[in-house]
Number of protein chains: 2
Amino acid sequence: MNIKFNNRDPVYIQVIRHFKEQIATGRFEPGQEIPSRRELANQLKINPNTAQRAYKEMEEQGLIYTEGNLPSRITKDASIIKAVREELILEAVNSFIASVQSINVPLDEALQLVKNNYENFTVEQEDIHD
Amino acid sequence: MNIKFNNRDPVYIQVIRHFKEQIATGRFEPGQEIPSRRELANQLKINPNTAQRAYKEMEEQGLIYTEGNLPSRITKDASIIKAVREELILEAVNSFIASVQSINVPLDEALQLVKNNYENFTVEQEDIHD
DNA sequence: AAATATGTATTAAGCCCTTAGTACACCTCT
DNA sequence: AGAGGTGTACTAAGGGCTTAATACATATTT
């Protein structure tokens, strides 16, 4: 468990986002046990209450579930998992289109830019902070 | 002047973002006079101090300039204007790539999604709030 | 039984952003 | 000279998010 936090979004939102990514890609499998609130807080160096808030929202959204006071687990509902992935993708696509259209970047140019930067992107990211 | 504000980013950040878009696309021309702090606040229904904060940061970044106590103007520095456009584009591209890679969307699929949604995007946006 | 770990809940404080109200110096226009 | 608009600056209050410090019931482990 490792999250690169930025300073503009609330931490609990970024935690939820990270879990959604893990669920959408299958790195978190259905029914898989996840860290307790306190353990997650320790791992991420955040406050237990912040972890609790993230978990609470995820539980309300059906992303995770908790039986009794056992460690929470990833949902087994395939339709939710599928919806999460589609939500993330749609969000990324719409956000990108809105951005490039707001600065009048034509479709061809936008596609070309993505193509040119996709492969070696992870490498470049090492220099990016915040 | 019309900005659709969201609730997650600080208002003065969104104002700056809007000005950058206008500058990058040439809708704000070099040397063009811009609304005073108070007038902008009136137009956008925000507090004059928030407008002041946005203008102050833009002045520090060289996006606008102020001579005496005359209304501020858009920079005439072509290199800054070019840099703004490139910054916005790079930001959009990197953000998009980071998003799709985090959920393992292959390049081909990502490009196809952008292509499929680019044309009719402005229409769909009418239903989107917040 | 005792200790530990779990989920859950409450209260308080601090920080950032926004809003609000005010103030001052400067310039332009009447 | 006076009025109005400009940039600029300051203090104060409120809201949302985070952090902090506890607290409690339950289940598991020792």
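So that the names make sense, note that chain A is the first sequence line, chain B the second, and so on, each numbered from 1.
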Peer 1: Just checking Tyr12(B): base, sugar-phosphate only, or nothing, at a heavy-atom cut-off of under 4.0 Å?
Peer 2: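 Touches sugar-phosphate only.
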
Peer 1: Return the 5'-most residue of the pair Gln14(B), Lys56(A) with respect to DNA chain C, ranking by each residue's nearest nucleotide.
Peer 2: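 Looking at the nearest nucleotide for each, Lys56(A) comes out on the 5' side.
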
Peer 1: Does the plane of the ring in Phe96(B) sit parallel, tilted or perpendicular to the ring in Phe96(A)? Use 30° and 60° as the thresholds.
Peer 2: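 Phe96(B) and Phe96(A): parallel rings.
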
Peer 1: For the pair made of CZ in Arg53(A) and P in dT18(D), what is the distance, rounded to whole Å?
Peer 2: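 The answer, rounded to whole Å, is 6 Å.
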
Peer 1: For Ser99(A) versus Ser102(A), what's the shortest heavy-atom pair and its separation?
Peer 2: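 Shortest heavy-atom contact: O-OG, 2.6 Å.
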
Peer 1: Decide whether Ser72(B) and Glu59(B) meet the rule of one side-chain donor and one side-chain acceptor closer than 3.5 Å.
Peer 2: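 Glu59(B) and Ser72(B) do not have a side-chain donor-acceptor pair below 3.5 Å.
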
Peer 1: Determine whether a donor-acceptor pair (one donor, one acceptor, N or O, separation below 3.5 Å) exists between the side chain of Asn7(B) and the base of dG16(D).
Peer 2: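 No pair found.
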
Peer 1: In residues 30-40 of chain A, which ones come under 4.0 Å of DNA chain D, going by heavy atoms?
Peer 2: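 Here the set is Arg38(A).
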
Peer 1: Side chain of Asn49(A) only, heavy atoms from C-beta on: which candidate in dT28(D), dT8(C), dA20(D) is closest?
Peer 2: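 In terms of side-chain proximity for Asn49(A), the closest of dT28(D), dT8(C), dA20(D) is dA20(D).
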
Peer 1: Tell me whether the OP1 or OP2 atom of dG7(D) has a side-chain N or O from Ser72(B) closer than 4.0 Å.
Peer 2: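 Yes, such a contact exists.
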
Peer 1: Rounded to whole Å, please give me the gap between CG in Asn47(B) and P in dA9(D).
Peer 2: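 It is 16 Å, rounded to the nearest whole Å.
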
Peer 1: Does the side chain of His18(A) come under 3.5 Å of the side chain of Gln14(A) through a donor N or O and an acceptor N or O?
Peer 2: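 No donor-acceptor contact under 3.5 Å links the two side chains.
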
Peer 1: To the side chain of Thr66(A), which of dG7(C), dT10(C), dT19(C) is closest?
Peer 2: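 Of all the options, the side chain of Thr66(A) is nearest to dG7(C).
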
Peer 1: Taking OH from Tyr65(A) and P from dG7(C), how many angstroms apart are they, rounded to a whole number?
Peer 2: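 Spelled out: OH on Tyr65(A) to P on dG7(C) is 13 Å.
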
Peer 1: Look at the side chain of Asn69(A) and the base of dA25(D), then say whether one donor and one acceptor between them are separated by less than 3.5 Å.
Peer 2: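 For Asn69(A), whose side chain was compared with the base of dA25(D), there is no donor-acceptor pair (under 3.5 Å).
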
